[in-house]
Peer 1: 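There's a structure below that I have some questions on.
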Amino acid sequence: MSFEIRDKLDKNLIRLLNTKNFELYYDYLLEQNKLMNLTTITETNEVYYKHFYDSIYLTKVLDLSKKNVLDIGAGAGFPSIPLKLINSDFNLTIVDGLKKRIDFLSRLINKLNIKNIKLIHGRAEELAKTKSFDIILARAVSKLNILLELALPVLNTNGYFVAYKSINYQAELNEAKKALCLLGGELSEIVEYNIDDKLKHVYIIIKKVKTTPKKYPRKFAKIKKSPL
Ligand code: SAM
C-alpha cells in the first residue's frame with residue numbers, strides 16, 4: 001500500500017497510518033463497499049486522509065486511555081476504529097441504527113483482531129439511561145443541537161463530547177446554544193486541523209458540567225420535529 005505523505009500534516013500521525021492493520025481496513029472497506037453503501041470516498045489518499053487521519057487527529061487533543069468511549073453512528077467505523085488501531089487501551093461502544101453496518105463492523109473487528117469493543121444495533125437516544133461514558137464521539141451523523149440531545153444524557157459529568165465537523169461550523173454552533181445550556185453542557189474548545197494543504201476540519205469539544213434533566217433524550221420523532 002502506498003499513500004502520499006502530505007508535508008503540512010503531522011508526520012508522527014502519518015507514520016501510525018502506515019501499518020498492516022490500516023491496509024487491511026482499507027482493503028476490506030473497499031471490498032465490502034461493493035456490496036453495501038459504506039463510503040463515497042474510495043481513492044487511496046482520500047481514504048487515508050479524509051477518513052483515517054481525520055479520525056485519529058483527536059489523539060493530539062484528548063487522551064482516550066482507560067476511558068469508556070461511545071461512538072454514535074460510526075457507520076463504517078469512523079472515527080473510533082482508526083482510534084482503536086493506534087491505541088487499544090480504552091473500552092469502546094459503538095451504536096448504529098443500521099444493522100448491515102454493525103454486521104460489517106463485527107466482521108472488521110474480527111479481521112483486525114481488536115478487543116474491548118461492544119457493538120449495539122440501535123439508536124443512540126434509546127441507549128439505557130444506566131449507561132454512561134467518559135468520552136462520546138460523533139462524525140457526520142447529525143446537526144449539533146440534535147447530537148447534543150443524543151450524547152449528553154449518557155455522558156458522565158466532567159466528560160467530553162466531540163463533534164467532528166467541517167470548517168463551516170459557526171451557524172450550527174450558534175443554533176446549538178440553547179441545547180447546550182438545557183442539557184448541562186459547556187463549549188470547551190474548538191480545534192481546527194488540516195486534512196491537506198487547504199482543507200480544514202474542526203472538533204467541537206463540549207464538556208458536561210451539570211446533570212442532564214431526566215426528560216432528555218426525547219423520542220427521536222420529537223427530537224427531529226422540534227430540536228432544542
Ligand atoms: N460516522 C461515520 C462516518 O463519519 O463516516 C458514519 C456517518 S453516516 C453518514 C451516519 C451514520 O449514523 C449511519 O450509519 C446511521 O445509521 C447512523 N445514525 C444516525 N442517527 C443515529 C442515531 N440516532 N443512533 C444511532 N445511529 C445513528
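All ligand and atom numbering here is 1-based and tracks the order in the structure. Values reported hereafter were calculated over all heavy atoms of this structure, with side chains retained and with hydrogens, waters and symmetry mates removed. All residue numbers refer to positions in the sequence shown, counting from 1.
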Peer 1: How far is atom 24 (N) of ligand 1 from the closest protein heavy atom, and which atom is that?
Peer 2: Ala124 N, 2.9 Å
Peer 1: Distance under 4.0 Å to a non-hydrogen atom of Arg139: what atoms of ligand 1 satisfy this?
Peer 2: 1 (N), 2 (C), 3 (C), 4 (O), 5 (O), 7 (C)
Peer 1: Assess whether atom NZ of Lys67 is packed by more than 12 heavy atoms of other residues, nucleotides or ligands within 6.0 Å.
Peer 2: yes
Peer 1: Have Asn21 and Thr19 got a donor and an acceptor in their side chains that come within less than 3.5 Å?
Peer 2: no
Peer 1: Looking at Tyr26, Tyr57, Tyr25, which one forms a ring pair (Phe, Tyr, Trp, His ring centres under 6.0 Å) with Phe52?
Peer 2: Tyr25
Peer 1: Looking at atom 6 (C) of ligand 1, what's its closest protein heavy atom, distance included?
Peer 2: Gly73 O, 3.3 Å
Peer 1: Pull out every atom of ligand 1 sitting under 4.0 Å from any heavy atom of Leu150, numbered as shown with elements.
Peer 2: 23 (N)
Peer 1: Please report whether ligand 1 has a polar contact with Phe78, defined as an N or O pair separated by less than 3.5 Å (distance criterion only).
Peer 2: yes
Peer 1: Do Asn12 and Arg15 pair up side chain to side chain, a donor and an acceptor below 3.5 Å, judged on atom types alone?
Peer 2: yes
Peer 1: For atom 27 (C) of ligand 1, which candidate among Ala74, Gly97, Ser80 provides the closest heavy atom?
Peer 2: Gly97
Peer 1: Cationic tip of Arg107 within the cone over Tyr28's six-membered ring, i.e. under 6.0 Å and within 45° of the normal?
Peer 2: no
Peer 1: Report the nearest protein non-hydrogen atom to atom 10 (C) of ligand 1: residue, atom name, distance rounded to 0.1 Å.
Peer 2: Ala140 O, 3.5 Å
Peer 1: Considering the heavy atoms of Leu98, write down every atom of ligand 1 situated less than 4.0 Å from one of them.
Peer 2: 16 (O)
Peer 1: So which protein heavy atom does atom 19 (C) of ligand 1 come closest to, and at what separation?
Peer 2: Val141 CG1, 3.6 Å
Peer 1: Assess the side chains of Tyr53 and Arg6: does a donor N or O sit below 3.5 Å from an acceptor N or O?
Peer 2: no
Peer 1: Just checking, any donor-acceptor pair under 3.5 angstrom between side chains of Lys66 and Asn68?
Peer 2: no
Peer 1: If you measure from atom 14 (O) of ligand 1 to every heavy atom of Arg101, Glu126, Glu149, which option wins on shortest distance?
Peer 2: Arg101
Peer 1: If I take atom CG from residue Leu58 and atom OG from residue Ser80, how far apart are they, to the nearest 0.5 angstrom?
Peer 2: 11.0 Å
Peer 1: Is it true that Gly122 lies under 4.0 Å from ligand 1, counting heavy atoms only?
Peer 2: yes
Peer 1: Test Asp54 against every option in Tyr193, Tyr48, Tyr203 by the side chain to side chain donor-acceptor pair (under 3.5 Å) rule and name the one that passes.
Peer 2: Tyr193
Peer 1: What's the shortest distance from atom 15 (C) of ligand 1 to any protein heavy atom, and which residue and atom give it?
Peer 2: Asp96 OD1, 3.5 Å
Peer 1: May I ask you to identify the nearest protein heavy atom to atom 22 (C) of ligand 1, giving residue, atom name and distance to one decimal place in Å?
Peer 2: Arg123 NH2, 3.6 Å
